[in-house]
Every structure is written in structure tokens, then in C-alpha cells.
Student: 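Quick one: the structure is below, questions incoming.
Source: prediction; values computed, not measured. Heavy atoms only: backbone and side chains are in, while hydrogens, waters and symmetry mates are out.
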Amino acid sequence: MGIDFQLHRASVDIAKGFRQFQKADSALAKDNIDSTVRHLNKGLDYFATAQDHVDKAEDDAYSKAGQEIDKGNKELQKSIDAYADGNTDRALSQYENAMDNYDKALELID
């Protein structure tokens, strides 16, 4: 679904979880134990869902990083081939493209 989308969903679920904890606190102040437990459980459920979204965002980041590494590897191979053909300018350009792809991959998983 996308890294940013998953992180946004996690943030929303965390906010909902905190709101449930606030409601639990209010219910506890009124000695309403059943309502307190219900709100605490809802809050914990929201935090579990938030963790799922964070896990999915992490998976998306690693997948995207793998794609960038693949692109970098292909550019590096093109650079090697261009150098072997004696075209050093093209080899340098493709080498720089490969390094850019590797940098993007590192940024995703850093």
C-alpha cells in the first residue's frame, strides 16, 4: 500500500488508542470498572493495529529498497560493459546512476 500510507494509518490508530485510554481513565475515576476495561481493551487493539501498519510499512520499505538495489546492479553492469567497450564517459555516467540507486535503497532502510 505504500510506506507513507501505512505510517499515516499507524499514527491514526495510535491517536485512537490514546483516546480510548483517556476514556478508560475517566471511567475509572467514576468507578465504572466494566467501562474502564472495555476502553483499555479497545485502546490495546488500536495499538496492535498500529503495530501491524508499522510492520507493513517496514516490509514495503525493504521491498522498495530491493528494487533500488536491482536497478543499481543493472546500472553497474551497464557501466562495466561500457568501460569494457572503451566508452569511459558512458561508464562513469552509469556508475553514478548505480550509486544513486544504492543511496536510495540505503535511505529507505536507514
Student: Between S63 (side chain) and D59 (backbone), is there a donor-acceptor pair under 3.5 Å?
Tutor: no

Student: Checking side-chain polar atoms at under 3.5 Å, does Q77 have a donor or acceptor matched by the opposite partner on N73?
Tutor: no

Student: Between atom CD of E58 and atom CD of Q51, what is the distance when rounded to the nearest 0.5 Å?
Tutor: 9.0 Å

Student: Using a 4.5 Å cut-off on heavy atoms from C-beta on, say whether the side chain of D81 contacts that of N87.
Tutor: no

Student: Quick check for you: to the nearest 0.5 Å, what is the distance between N97 atom CG and S79 atom OG?
Tutor: 9.5 Å

Student: Apply the test side-chain contact (heavy atoms from CB on, under 4.5 Å) to residues Q94 and L76: give CA-CA distance (whole Å), side-chain angles for both, the deciding distance (0.1 Å), then the verdict.
Tutor: CA-CA 6 Å; Q94 288 172 322; L76 190 57; over 6 Å; no

Student: Enter the distance from K104:NZ to L106:CG here, rounded to the nearest 0.5 Å.
Tutor: 12.5 Å

Student: So which heavy atom on V54 is nearest to which on A10, and how close?
Tutor: CG2-CB, 3.8 Å

Student: Not counting sequence neighbours, list each pair that qualifies as a ring pair (Phe, Tyr, Trp, His ring centres under 6.0 Å) and has a residue in residues 74-110.
Tutor: none

Student: What distance separates K42 NZ from D45 CG, expressed to the nearest 0.5 Å?
Tutor: 9.5 Å

Student: Tell me which donor-acceptor pairs under 3.5 Å the side chains of residues 11-33 have, and how far apart each pair is, sequence neighbours excluded?
Tutor:
unit_1, atom_1, unit_2, atom_2, d
S11, OG, L7, O, 3.1
D13, OD2, H53, NE2, 3.4
R19, NH1, Q22, OE1, 3.3
Q20, OE1, H39, ND1, 2.8
N32, OD1, S35, N, 3.3

Student: Restricting to non-hydrogen atoms, name the atom on L108 and the atom on A61 that form the minimum distance, rounded to 0.1 Å.
Tutor: O-CB, 3.7 Å

Student: First locate atom CD of E68, then atom CD of E107, and finally report the distance between them rounded to the nearest 0.5 Å.
Tutor: 9.5 Å

